[in-house]
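Just the heavy atoms: all of them, side chains too, but no hydrogens, waters or symmetry mates, feed the values below. As the structure is a prediction and not an experimental result, all values here were calculated from the model. By convention in this document, chain letters (A, B, ...) are assigned in the order of the sequence lines, proteins followed by strands, and residues within each chain are numbered from 1.
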There are 2 protein chains.
Amino acid sequence: MDSYSPFVHRIKKLELLDSDDFAYAESLIKSEIIVDAGRFIIDAGNLQKQIFFVLSGWAVKYKTLENGNRQIVNFVLPGDIIGMFSPIFQYSEHTVESISTMKLGCFPADQLVSTFRDAPRLALVLAWMAGQDERILEEQIVRIGRRRSAKRMAHLLIELYRRLRICGYTREQAIILPVNQLLLSDALGLSHIHTHRVFRELENHQLVERLPGRLILQNLAMLSALADFDESYLEPTSLRKASLAL
Amino acid sequence: MDSYSPFVHRIKKLELLDSDDFAYAESLIKSEIIVDAGRFIIDAGNLQKQIFFVLSGWAVKYKTLENGNRQIVNFVLPGDIIGMFSPIFQYSEHTVESISTMKLGCFPADQLVSTFRDAPRLALVLAWMAGQDERILEEQIVRIGRRRSAKRMAHLLIELYRRLRICGYTREQAIILPVNQLLLSDALGLSHIHTHRVFRELENHQLVERLPGRLILQNLAMLSALADFDESYLEPTSLRKASLAL
DNA sequence: CGGAGTTTTGACCTATCTCAAATGTTGTGG
DNA sequence: CCACAACATTTGAGATAGGTCAAAACTCCG
């Protein structure tokens with residue numbers, strides 16, 4: 001299945017899986033579905049029966065507050081897995097909602113455990129992906145807790161760019177994202193109005209540009225410098241193999 | 001070993017492990033160490049050879065910025081595991097530093113994988129703990145991104161109380177924590193001066209109290225109401241068993 | 001007693017928020 | 001192909017939460 005390329009890109013740098021592993025992985029996928037923008041893929045408080053591999057498209061993972069505000073916890077991009085912990089928890093704490101058309105590979109949540117038993121190398125890769133997710137959450141905490149709005153925004157945009165990059169997207173100095181200012185503000189913990197002003201500032205410095213429905217990073221070098229971006233937390237070769245008896 | 005009680009408390013509600021499992025778990029611990037306050041347990045950028053079970057004492061997990069500021073990502077309490085992902089990653093992205101004397105149970109990072117193979121129920125519990133960690137990180141993002149200082153602080157304090165509670169601590173309406181204002185401010189993403197003002201405000205309303213080196217929650221009900229605290233993300237019985245073939 | 005770390009204070013500054021309204025944009029049905 | 005609704009962006013003005021600076025006071029140890 002060619003559409004698995006984001007995963008292939010992401011994983012091949014680990015130099016861990018052979019073609020048998022890939023075959024096994026593909027056999028796990030029982031079906032693929034197409035989802036429109038604006039659909040709930042995981043809904044907070046619900047039992048989740050599927051795990052989804054994101055083959056294409058974007059989503060956001062967020063929590064909604066008592067007062068209706070929301071905070072986006074992370075973006076979900078091609079090559080990510082949605083609901084990896086769902087076999088373990090009775091219900092989800094957050095909501096995952098598509099922000100573009102998506103193609104998802106599904107497999108039943110109750111087979112994750114057997115995968116861990118039967119395909120240890122594959123399990124290891126899944127655990128590594130969960131660990132990367134956790135690193136990204138931690139960086140989001142730092143970003144929101146200790147960076148001022150302009151750096152905060154620049155930092156997030158670069159993270160998204162790098163993550164797409166790793167999965168084989170964004171050839172040129174560009175990210176193409178269906179992200180509007182509301183989404184950005186909910187991810188950054190800012191009001192949408194301030195988000196707009198900050199974004200405008202980046203635009204005025206020719207760092208970013210915006211076309212209808214998409215967002216381009218024009219000057220990645222300057223943006224990275226502005227954001228003090230240190231990519232180590234996204235390192236696609238960070239898997240530790242030496243100590244693993246496989 | 002009696003000192004494992006925080007883990008026993010935390011896990012027994014899952015009603016998953018039998019005494020064999022517990023015996024196996026204890027056999028994994030090769031040694032215990034005592035660590036003073038102010039020591040690095042995990043240092044960012046280093047290879048990590050051990051996984052630690054926190055038997056007593058407190059630590060903070062944080063990242064340091066270019067400008068020297070830091071952001072605490074999570075508190076580490078008895079019943080938590082430090083470095084669960086270390087067998088998987090070459091080096092750590094964050095630092096874990098003790099903030100009180102701690103007792104830690106150690107086991108070699110390279111045995112985690114074999115544990116997953118040989119003790120599936122145990123592995124499941126570990127995965128559940130990793131999932132809880134992730135939920136807590138997500139809540140920290142929401143707290144910092146979308147709550148104003150007073151609610152933010154109240155929310156964090158209650159989280160800490162609840163987490164201790166689950167592990168068998170804090171009988172009375174009280175938390176006892178070696179947390180000073182600097183630590184709090186680095187966890188909340190506030191300046192230490194503002195943290196002081198906010199804390200004082202809570203004190204004036206008789207919600208919290210402070211004795212040298214420790215911090216007491218006096219009126220948990222009002223504090224919870226103020227913080228809009230919803231404990232579901234800490235639910236100690238959230239494990240999903242039905243679909244697990246074990 | 002001295003020094004390091006922590007807490008407290010006050011004054012002032014500014015980043016960010018809120019409110020409210022105008023302006024654009026996009027997709028839909030007639 | 002227009003008109004309208006729904007949604008997204010933009011603007012300005014005024015309010016405020018929270019930051020910064022600098023210094024004093026307190027606490028804890030050795």
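Qualifying salt bridge (Lys or Arg N to Asp or Glu O under 4.0 Å) partners for Glu201(A), counting only residues two or more places apart in sequence or in other chains: none.
Contact check for His192(A) versus Gln181(A): no side-chain heavy atoms found under the 4.5 Å cut-off. Side chains of Lys61(B) and His94(B) form a contact here, defined as non-hydrogen atoms less than 4.5 Å apart. You'll find the side chain of Ile136(A) reaches within 4.5 Å of the side chain of Leu234(A), heavy atoms only. With a 4.5 Å cut-off on side-chain heavy atoms, Ile51(A) and Pro87(A) count as touching. Side-chain contact check for Asn219(A) versus Gln206(A): every heavy-atom pair is 4.5 Å or farther apart.
Within residues 58-69 of chain A, no residue has a heavy atom under 4.0 Å from DNA chain C.
Contact annotation: His196(A) reaches the phosphate of dT10(D) (side-chain N/O to OP1 or OP2, under 4.0 Å).
If you measure from atom CG of Leu211(A) to atom P of dT9(D), you get 13 Å, rounded to the nearest angstrom.
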Using a 4.0 Å cut-off on protein heavy atoms (strictly under), produce a 5'-to-3' string for nucleotides 12-21 of chain D with B for base contact, S for backbone-only sugar-phosphate contact, and - for none.
BB---SBBBB
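Between its two ends, the helix from dC1(C)-dG30(D) to dG30(C)-dC1(D) turns its axis by 40°, counting five pairs per end and rounding to 10 degrees.
If you check the side chains of Glu138(B) and Tyr233(B), you find no donor sitting under 3.5 Å from an acceptor. Looking at Glu97(A) and Tyr62(A), their side chains do bring a donor and an acceptor atom within 3.5 Å of each other.
Seen from the ring of Phe85(A), Arg135(B) does not count as a face-on cation partner, given the 6.0 Å and 45° thresholds. In this structure, Arg210(A) is positioned above the aromatic face of Phe199(A), its NZ or CZ under 6.0 Å from the six-membered ring centre and within 45° of the axis.
Bracketed by its first and final contacts, the part of DNA chain C lying under 4.0 Å from non-hydrogen atoms of chain B reaches from dT6(C) to dT18(C) in 5' to 3' order.
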Taking it one step at a time, do Arg70(A) and Arg146(B) satisfy side chain to side chain contact (heavy atoms under 4.5 Å, CB included)?
CA-CA 7 Å; Arg70(A) 69 175 189 173; Arg146(B) 285 290 181 224; 5.9 Å; no
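You'll find the ring centres of Phe53(B) and Phe107(B) inside the 6.0 Å limit.
Closest non-hydrogen pair, Ser185(B) versus Leu182(B), comes out as OG-O, 2.7 Å.
Heavy-atom neighbours of Met222(A) CE from other residues, nucleotides or ligands within 6.0 Å: at or below the threshold of 12.
The existence of a salt bridge linking Glu159(A) and Arg162(A) is excluded, since no basic side-chain nitrogen approaches an acidic carboxylate oxygen closer than 4.0 Å.
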Extract from the structure each pairing of a protein N or O with an N or O of nucleotides 27-29 of chain D at less than 3.5 Å, listing the distance.
none

